[in-house]
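Contents: one structure, followed by commentary.
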Amino acid sequence: MTSLEKTLIEGHLAVEAPAGVPVWDIDPYDADILENPAAFYSELRAKGPFVYIPKYAILICGRFKETKEVFSDHARFVSSRGVGLVDFKLADPWRPASIILEVDPPEHTHVRRVMAKVLSPKVMREQTELFEALANELIAEVVEQDEIEAVADIAERYPTTVFPRILGLKESNGQHLLDYGAMVFDSVGPDNQIRRNALANGGAVVPWIMEQCKRDNLVVGGLGDEIYQYADDGTISEDQAGLLVRSLLSAGVDTTVTGIGSLLYCLAENPEQYELLKQQPELARPTFEEVLRYTSPVHSFFRTANEDTEVSGVKIQEDTKILCLLASANLDEEQWPCAPDFDITRKVKGHLGMGVGVHGCVGQNLARAEVGAVLQAILAQVDKIEFNGTPEWRPGNSIRSLSSLPIKLTKKAA
Ligand code: OVM
């Protein structure tokens with residue numbers, strides 16, 4: 001039988017349920033589940049290491065152990081066939097594949113090394129003053145407001161201000177950056193309304209993004225220009241440099257927007273934890289790590305089995321798409337004592353909020369620098385963080401973000 005005679009579903013091969021694996025007639029991309037996934041995750045972990053979803057003919061996993069194993073074993077579970085439902089071996093991606101996300105070692109290694117240098121802890125430390133100045137300015141402004149819509153006023157505003165500066169974009173457009181991020185992250189899921197809505201923005205946004213990736217549109221000394229310098233010395237090609245700038249624009253905005261929004265949500269929801277943090281500001285770093293564990297901005301990505309293999313006694317057939325629910329692994333009680341509690345003093349090392357393995361978030365130093373700057377500005381200026389209305393979550397195919405976060409900040413006495 002040729003691959004053409006086999007059945008495709010959502011752009012990948014429709015494999016059958018492996019022996020012994022529970023079949024669950026549920027849609028993990030149901031909007032209600034995406035908004036409020038905790039009960040779905042618990043049930044998934046209770047059912048077993050893997051569950052088969054007939055609607056998409058995929059396996060899903062949500063226990064810490066197997067999620068980590070599948071997500072990090074780049075030899076058996078590849079990224080080069082796409083980290084969404086579409087198998088790039090059988091169907092074209094919606095845009096030319098990323099040369100860092102959607103590629104495996106050995107090709108991956110060389111390109112990853114360039115990005116790791118561009119985004120190194122040292123480079124980020126050199127920008128601390130800029131990160132902190134912009135954060136202090138923003139918090140000083142909003143702390144005077146009676147009511148804050150923290151998604152628009154803080155979470156979206158900070159990264160869309162600071163990130164283009166760090167990158168060195170000559171021209172910026174915050175809405176285009178947010179809309180492109182939505183295209184990238186929602187395209188990971190099935191051809192549902194969420195994905196269609198996001199991709200519908202493409203007409204205006206994609207050409208604008210591609211234009212900003214060009215060398216001429218990047219300020220000398222910014223991260224974009226740094227990438228192009230690796231083209232100058234022959235480490236990568238000019239085209240690769242452009243695609244790496246595209247990767248920064250793809251992955252750098254919606255993720256940090258979500259991280260900042262979720263940080264504020266966690267602090268408003270757990271005022272005793274904010275009190276503790278005020279007393280022990282050295283807990284700022286662990287606080288963000290706990291936000292990552294507790295909220296998992298990127299809730300899931302796929303891997304594709306590139307060979308017949310076995311995990312925890314489950315036989316997995318070559319070509320199987322496996323949805324790795326990082327957010328569920330981060331709430332697994334077997335791994336995390338009192339997993340449903342937000343606790344900034346817990347041992348949070350090893351969470352999967354930034355992924356794991358060779359594809360672990362290469363921008364994590366930048367993300368931590370941004371969120372760290374916002375958190376220090378809050379600690380310096382804000383005494384109390386309270387909800388001022390009901391927070392709402394936006395259903396996304398791979399990011400879980402707040403759509404609304406009404407809060408009230410009480411200014412610290414001078
Ligand atoms: C990219 C990229 C990297 C990380 C995440 C992402 C799916 C995209 O290289 O374009 O979003």
Side-chain angles (χ1 to χ4, degrees), residues 11 29 34 71-72 74 78-88 92-105 107-116 118-119 159 163 167 176-190 194-195 198-199 201-202 205-206 208-210 212-213 223-224 227 230 236 239-259 292 296-304 321 323-327 352-368 370 396-401:
Y29 294 96
L34 293 173
F71 210 65
S72 58
H74 55 80
V78 298
S79 291
S80 54
R81 293 170 71 170
V83 299
L85 271 161
V86 174
D87 184 348
F88 293 0
D92 286 334
W94 70 278
R95 62 172 191 169
S98 163
I99 62 166
I100 185 162
L101 176 76
E102 293 151 337
V103 66
D104 303 311
E107 297 80 13
H108 171 262
T109 313
H110 180 70
V111 169
R112 164 89 188 195
R113 197 169 292 141
V114 169
M115 279 296 247
V118 171
L119 295 162
F163 188 67
L167 234 77
H176 282 354
L177 291 172
L178 292 165
D179 288 346
Y180 190 66
M183 296 180 76
V184 167
F185 283 97
D186 286 334
S187 65
V188 164
I194 296 169
R195 190 178 196 270
L199 291 179
N201 287 320
V205 173
V206 173
W208 183 84
I209 290 283
M210 295 318 290
Q212 309 322 310
C213 294
L223 297 187
I227 292 174
Y230 287 96
I236 55 173
D239 286 348
Q240 284 180 311
L243 281 169
L244 286 180
V245 176
R246 193 193 71 172
S247 284
L248 287 182
L249 295 176
S250 300
V253 177
D254 295 50
T255 46
T256 47
V257 165
T258 304
L292 287 174
S296 299
V298 176
H299 57 72
S300 61
F301 275 145
F302 285 86
R303 293 290 188 252
T304 312
K321 281 281 180 183
L323 179 61
C324 299
L325 289 156
L326 305 168
L352 303 184
M354 298 270 200
V356 59
V358 300
H359 288 286
C361 180
V362 75
Q364 56 186 277
N365 307 305
L366 176 50
R368 291 201 180 95
E370 286 189 32
N397 284 340
S398 62
I399 284 192
R400 179 164 177 259
S401 200

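Numbering of residues begins at 1 and proceeds along the displayed sequence. Each ligand, and each atom within it, is numbered from 1 in the order the structure gives.
- Judged by distance alone, the side chain of R303 and the main-chain N or O of F71 form a donor-acceptor pair under 3.5 Å.
- Counting only heavy atoms of the protein, atom 6 (C) of ligand 1 lies nearest to L101 CD2, 3.7 Å.
- Interatomic distance, NE2 of H359 versus CZ of R112, reported as 8.5 Å (0.5 Å rounding).
- Side-chain N or O atoms of T109 include none that pairs as donor or acceptor with a backbone N or O of P105 at under 3.5 Å.
- Shortest non-hydrogen contact noted between L85 and G189 is CD1-C, 3.8 Å.
- Distances below 4.0 Å separate heavy atoms of F301 from the following atoms of ligand 1: 7 (C).
- Close contacts of ligand 1 with V184, meaning ligand atoms under 4.0 Å from a residue heavy atom, involve 6 (C), 7 (C), 8 (C), 11 (O).
- Taking every heavy atom of S98 and a limit of under 4.0 angstrom, the matching atoms of ligand 1 come to 1 (C), 9 (O), 10 (O).
- The residue among A97, S398, S247 with a heavy atom at the shortest distance from atom 9 (O) of ligand 1 is S247.
- Here the CG atom belonging to L244 is positioned 4.0 Å from the CD1 atom belonging to I99, to the nearest 0.5 angstrom.
- The atoms of ligand 1 that sit less than 4.0 Å from any heavy atom of I100 are 9 (O).
- Using a non-hydrogen distance threshold of 4.0 Å, R95 registers as a contact of ligand 1.
- In terms of protein heavy atoms, atom 5 (C) of ligand 1 is closest to A251 CB, 3.7 Å.
- Between F302 and Y29, the ring-plane angle classifies as parallel under the 30° and 60° cut-offs.
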